[in-house]
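This report refers to the structure that appears directly beneath it.
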Amino acid sequence: MSMQIDNNQLLRFSTAGSVDDGKSTLIGRLLYDSKSIFEDQLLAVENTSKRKGYESIDLALFTDGLREEREQGITIDVAYRYFTTPGRKFIIADTPGHIQYTRNMITGASSADAIIILIDARTGVIEQTKRHTFLASLLQIQHLIICINKMDLVDYSKEVFEKIREDYEQMASTLSIKKSHFIPISALLGDNVVNKSAFMLWYEGAPLLEILESLPVGSGNNEHYAVEARFPVQTVIRPQREGYIDYRGYAGRVASGIFRKGDEITVLPSRLKSKIKRIDTFDAELNEAFSQMSVCITLEDDIDVGRGDMIVLSNHQPRCAQEFDVMLCWLGNHTFRPGSKFIIMQANNEQTVIIKEVVYKININTFERDLNDKTLNMNDIAKVTIKSAKPLMLDAYAGNKVTGSLILIDEATRGTVAGAMVL
Amino acid sequence: MKQYFLNYLDELESEAIYILREIWAQFQNPAILFSGGKDSIVVTHLAKKAFFPAKIPFALMHIDTGHNFPETIQFRNSLVEQLGVRLIVGSVQQSIDNGRVMEERGRNATRNALQISTLLHTIEDNKIDCAIGGGRRDEEKARAKERIFSHRDEFGHWDPKNQRPELWNILNGKYFEGEHFRAFPISNWTEMDVWNYITRENIKIPSLYFAHQRQVVWRNGSWIPNSQFLSLDASDEILCKKIRFRTLGDITITGGIESDADTLDKIVLEVAAMRHTERGNRSDDKRSETAMEDRKRKGYF
């Protein structure tokens, strides 16, 4: 009922694993066992499974929606799924494991609070596991959940699980990972997914769903609000109607921190100063607005503010720079052509930029830096220097995911060719 | 100590407002695709919030199959008047009359697929560069793959295998002349979220969503309303049932469910206990396993 879940929070999580690790099966299992599958969906999947000659239902069919995915039994593009338990509401980004893996994983994981990395118990830690872990650390995802899947195929062996866990911890020891959980599961049979397994009594932890329900969500703790206050302006609201003739409001979503009525603010990049006069929403005028809230701010002084400008508290200002370093993931189908121009989108700001230099590329299998290779191809990760025609207001991604993230748009194709994190 | 966090409905609302403001900032001439159904009503309500104290800066665009519930048209007209926005109507009847499309024949004939042509022409004729839809990813498996800013080529086609990556909350609305975008501010909402939100905000919706007595015919597993547009034959038995609709589309394809839910609170309870998807009563989705994907590729809503 509506009342019960009114104070529920949202947890966004993403999945990663290589082909046939059973990602779609795991999500199908989570949805199925948490009773989030409707009868007509179940019937459709049962019919397809039968037609394909399977003995039991193919849980992966719940998430593989496109014609070619169903025909080929693979996942092509990120699919989003939703489910609710009495404790929480979930958004899952189910990402494919093969071609365009980095591109898809980054798309799915960029807004995730948690990521599930699947490892096949028979093969253990493989190159893909290393890549996924590296990307998760690069995107600074708060929680990593390592699911050792297909435990039924290794006789539910504790030794196998412990060995993989040790290998994994050793592999990940050089990366900055915030918090990780290890769970032995069988997505196919449902062990330790929603229900605790009867075959792995040696595992003392909780099943996957219980862990997902109890993870602290970023916006839920106050630590998040220690971040400096940032308000990127999306658009200017001028009602031009009776009662609001002189109204000039700056609409946007608070990127971080708290803004209060009367606060002394600075508008960037102009550095003009003023005070917050009002914080408006359709429902009420507010005394304060905090991270993630979409509001409309008016200022005491009539100064020039427009889309792409940033309103910040005067005592904590971001970096204003035309040249800066980022960690970049190349997502385009075409190789980077040195000298080409891009449109950067960052905190609702758009400017023309070039990639001035490829500083080094990262081999995501060995985590080593390659200082000689200056090419950028799809799925490559590199540290690059960006030069912009006008200054941008930046925070390090490590401290602020909204003002520290950006995309590059190819002027020639208008497609998104890179995503990057400010260093 | 005071906790600073949004509950999930506030977070969804705030995200939708952010998306609507991005649409306004990035496009020249966006319009809301308004069907008179609950999802487009919610999008319109969110647009009211996003631009307050200014009025909604978008036109409402309705693709009229001619096979409407009269209640939907009444509702549309009074909302347009109340909001003071422009209404654009694309008429499927007109597309048929001037030979752009051919009417389907037979007992299960509908104008559902014909809407694609009318929709694309209306977008082109009115130079709409972003059509804002109430589509949700939880509705249907092909929709689960949809981006928030979804690119359409010069033929209005969607290429699900070659979509632009959408990272963080950054939305790329760049296009070439002749192309357009579809944008989905409530992508991340579920049917339950929509009903909880309608209840919380006390949003007016057409009476068709509430249980009422109606003449119906049992077809393909749901109650299809009797209307002048339905071709009946000897096997059809017209009955009077207390029903309500979970989704609203063309009157010929929208099946009702038997229900006593005549208030929003009762609807929320009923939806929470549902064991079938809302589109399970839509015969347009039942034509094949990938009916939605196939239509979407060609430019459907």
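To find a chain, count down the sequence lines: A is the first, B the second, and so on, and within it residues start at 1. Worth saying up front: this structure is predicted, and the values here are computed from it rather than measured.
A salt bridge does not link R238(A) with D246(A): every distance from a Lys NZ or Arg NE/NH1/NH2 to an Asp or Glu carboxylate oxygen is 4.0 Å or more. Between K49(B) and E201(B), at least one side-chain N (NZ, or NE/NH1/NH2) sits under 4.0 Å from a carboxylate O, which counts as a salt bridge. Using a 4.0 Å cut-off between charged nitrogen and carboxylate oxygen, E146(B) and R164(B) do not count as a salt-bridge pair. A salt bridge between E15(B) and R12(A) is present, with a side-chain N of the basic residue lying under 4.0 Å from a carboxylate O of the acidic one.
Aromatic ring pairs are classed by plane angle as parallel below 30°, tilted from 30° to 60° and perpendicular above 60°; the pair F155(B) and H157(B) is tilted. Ring orientation note: the planes of F181(B) and H151(B) are nearly perpendicular, at an angle over 60° on the 30°/60° scale.
Remark: E166(B) pairs with no residue by the salt bridge (charged side-chain N to carboxylate O under 4.0 Å, His left out) rule, at least two apart or across chains.
The contact between I407(A) and chain B is made by backbone and side chain atoms together, counting heavy-atom distances below 4.5 Å. Contact of L12(B) with chain A is made through the side chain alone, with heavy-atom distances under 4.5 Å. Interface residue I106(A): backbone and side-chain heavy atoms are both found under 4.5 Å from chain B. For A16(B), no part lies near chain A; criterion is any non-hydrogen pair under 4.5 Å. For A420(A), the part lying near chain B is the backbone, with the side chain staying farther off; criterion is any non-hydrogen pair under 4.5 Å. In this structure, the portions of W168(B) lying under 4.5 Å from any heavy atom of chain A include both its backbone and its side chain. When heavy atoms are compared at a cutoff of 4.5 Å, E350(A) approaches chain B solely by way of its side chain, counted from C-beta outward. Heavy atoms closer than 4.5 Å to chain B are found in both the backbone and the side chain of S405(A). Residue Y80(A) touches chain B through both its backbone and its side chain, counting heavy-atom pairs closer than 4.5 Å. Contacts of Q26(B) with chain A are made by side-chain atoms alone, with heavy-atom separations under 4.5 Å and no backbone atom involved. Neither the backbone nor the side chain of V236(A) comes within contact range of chain B; no heavy atoms are under 4.5 Å apart. Within the 4.5 angstrom heavy-atom criterion, atoms from both the backbone and the side chain of N188(B) approach chain A.
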Listed pairs under 3.5 Å, donor-acceptor, residues 412-419 of chain A side chains, sequence neighbours left out:
unit_1  : atom_1 : unit_2  : atom_2 : d
T413(A) : OG1    : G415(A) : N      : 3.2
R414(A) : NH1    : Y175(B) : O      : 2.8
T416(A) : OG1    : N172(B) : ND2    : 3.0

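By number of non-hydrogen pairs under 4.5 angstrom with chain A, the leading residue of E13(B), R137(B), R147(B), K48(B) is R137(B).
For the side-chain contact (heavy atoms from CB on, under 4.5 Å) with S259(B), the lone residue among E270(B), R246(B), K266(B) that qualifies is E270(B).
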